[in-house]
Number of protein chains: 2
Amino acid sequence: MDNHRAYDTIKEQEAGPVARAGLSAEVLTKAGAELADEVGFEQVTVTEVARRFDVKVASLYSHVKSSQDLKVRIALLALTELADRASEAIAGRAGRDALAAFAEAYRGYAREHPGRYQATRLRLDPETAAASAAPRHAQLTRAILRGYHLPEPEQTHAVRLLGGAFHGYIELEAAGGFAHTPVDPQASWDWIVDSLDALLRARAEH
Amino acid sequence: MDNHRAYDTIKEQEAGPVARAGLSAEVLTKAGAELADEVGFEQVTVTEVARRFDVKVASLYSHVKSSQDLKVRIALLALTELADRASEAIAGRAGRDALAAFAEAYRGYAREHPGRYQATRLRLDPETAAASAAPRHAQLTRAILRGYHLPEPEQTHAVRLLGGAFHGYIELEAAGGFAHTPVDPQASWDWIVDSLDALLRARAEH
DNA sequence: CCATTTGCCTAAATGGTTTAGGCAAACGGG
DNA sequence: CCCGTTTGCCTAAACCATTTAGGCAAATGG
């Protein structure tokens, strides 16, 4: 039962005094998010995160409850980052400008951080979702729609249309669904933003 | 080394002559699809499928190459079923009718077969995707758009808009994203189909 | 300077995946 | 009808990720 001693000896021979890795839920979440961007969100494992800190797997369990807990934390981080980015994008803009900037914020984030973007689609239980940045996303969309003067319940319909359209397009693009058609995805994106702007303006007048 | 004998004895005592389970890639795929609808696509494991046939896990490996292979087969099955359903829905319809029927086919399939619908978003490698029913989905969308007389490249833009909008809406709805707003999802869906129809008609004229 | 807390450890159980090798049932030609 | 081959499912065992339990030592603070 002198395994600890043997370990310490080796450790001290090889790396000097045993250094603490400085783990915390935040640091692990950040590392998990980076891992997700590199290998995909589904491929995030506590084992790989531990490897990156050169630490034993069990050590992570003092900071996160489970593998699922780690994934939820990554999702919450991504939702917050994405809401911050969208919020900054629409600041000082209105109408078509705001819509285009908002759309670009989402698409840009998904391109730069594919794993984090995948994480935003993790199914959260209702309480967690309500306490997350998810409601901010809906609020930001409503802020854009203020420029179009839609009455309820049409404003809610429009929130759902925009959320679905942007999210769905990004997902189909990421899945490689556009690879076999020689039409520039950027051109489609611009056309779609344009068309949705026209749609909303038409709906406002009735 | 007489484990086989021991096993056979038990088997014969308990269940008579050793019956073959009648496994095949098709049967396993079907069972996997049903499992997906019950517990979610990510929760599909070869272990659970084996349990359902009362068969040892290793036995499945004569029929499917790996756990991933099973998942790909489920995805291909779902893509085919969904394309069949969409195809039937738009037969004999045009314009707004076709669009609404197409949309309803997707949403209905996702509601009735949530796990299979999740499977349709599995990332397939390009060759597999090209040989799947995925191209049929794009063709079906183009069939609907014939009624709107859009020139290229706008027709391609519209294919991407419709694919993204329907898919994104279904995903957001399934994720519970609409739970905290007291607006009927069906009403939003109808409004969205209506709006997209108007959008396409407007784009056709210019 | 000692007591407590904190951080990471070893050890071991659980469970899904996968390969290797084997027996026996089914099948088809002589 | 019998025997060789194929097919179907088996046992056994390795691998890897997850998770819990329990322990030592560094850091912390009175």
Side-chain angles (χ1 to χ4, degrees), chain A residues 1-29 31-32 35-36 39-74 122, chain B residues 1-29 31-32 35-36 39-74 122:
Chain A
M1 280 289 184
D2 51 349
N3 297 315
H4 300 306
R5 188 156 300 284
Y7 163 77
D8 289 348
T9 304
I10 291 166
K11 238 347 198 202
E12 281 160 8
Q13 281 175 351
E14 289 183 1
V18 185
R20 297 201 173 183
L23 305 184
S24 70
E26 288 70 31
V27 167
L28 294 177
T29 303
L35 177 58
V39 304
F41 183 61
E42 305 81 26
Q43 274 65 50
V44 171
T45 65
V46 291
T47 301
E48 181 56 31
V49 173
R51 222 181 332 257
R52 300 204 164 195
F53 284 98
D54 196 26
V55 139
K56 295 295 174 181
V57 184
S59 305
L60 269 53
Y61 283 80
S62 315
H63 305 284
V64 297
K65 280 208 304 295
S66 64
S67 178
Q68 184 61 20
D69 179 41
L70 175 64
K71 285 181 183 150
V72 169
R73 286 172 188 272
I74 295 170
L122 182 67
Chain B
M1 282 285 186
D2 52 350
N3 297 314
H4 301 304
R5 188 156 301 282
Y7 162 78
D8 290 346
T9 305
I10 290 167
K11 239 348 196 194
E12 281 161 7
Q13 281 176 353
E14 287 183 5
V18 184
R20 297 200 173 185
L23 305 184
S24 70
E26 289 67 32
V27 167
L28 294 177
T29 303
L35 177 58
V39 304
F41 183 60
E42 305 81 27
Q43 275 65 51
V44 172
T45 65
V46 290
T47 301
E48 181 57 32
V49 173
R51 225 180 330 255
R52 300 204 164 194
F53 284 97
D54 197 26
V55 138
K56 295 295 174 180
V57 184
S59 305
L60 301 200
Y61 283 80
S62 315
H63 306 284
V64 297
K65 279 207 307 296
S66 64
S67 179
Q68 184 61 21
D69 179 41
L70 175 63
K71 285 179 183 151
V72 169
R73 286 171 187 272
I74 295 170
L122 182 67

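Since the model is a prediction, treat every value here as computed from it, not as a measurement. All values below were derived from every heavy atom in this structure, side-chain atoms included, with hydrogens, water molecules and symmetry-related copies excluded. Chain letters run A, B, ... following the sequence lines, proteins first and then strands; every chain starts at 1.
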Checklist line | Test log, rule side-chain contact (heavy atoms from CB on, under 4.5 Å), inputs B:Val72 and B:Lys65 | finding: CA-CA 11 Å; B:Val72 169; B:Lys65 279 207 307 296; over 6 Å; no

Test side-chain contact (heavy atoms from CB on, under 4.5 Å) on B:Arg51 and B:Leu35; report intermediate values, then the result.
CA-CA 11 Å; B:Arg51 225 180 330 255; B:Leu35 177 58; over 6 Å; no

Quiz prompt | Chi angles and distances behind the side-chain contact (heavy atoms from CB on, under 4.5 Å) call for A:Leu28, A:Phe53 | solution = CA-CA 9 Å; A:Leu28 294 177; A:Phe53 284 98; 3.7 Å; yes

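Taking every heavy atom of both residues into account, B:Val46 and B:Ser67 meet most closely at CG1-CA, 3.9 Å. Here the shortest heavy-atom pairing between B:Val49 and B:Ala31 reads CG1-CB, 4.5 Å. Residues A:His63 and A:Ser24 share a closest heavy-atom pair of ND1-CA, 3.7 Å.
The CG atom of B:Leu122 sits 9.0 Å away from atom CD of A:Glu42, with the distance rounded to the nearest 0.5 Å. Rounded to the nearest 0.5 angstrom, B:Asp69 CG and B:Leu60 CG are separated by 11.5 Å.
Scanning residues 59-74 of chain B for heavy-atom distances under 4.0 Å to DNA chain C yields B:Tyr61, B:Ser66, B:Ser67. The stretch residues 41-52 of chain B comes close to DNA chain C through B:Thr45, B:Val46, B:Thr47, B:Arg51, each having a heavy atom under 4.0 Å from the strand.
Set against C:dC8, C:dT19, D:dT18, the side chain of A:Val55 has C:dC8 as its closest nucleotide.
Put simply, CZ on A:Phe53 is 12 Å from P on C:dC9, counting in whole angstrom units. In this structure, B:Lys56 atom NZ and C:dC23 atom P are separated by 18 Å, rounded to whole Å.
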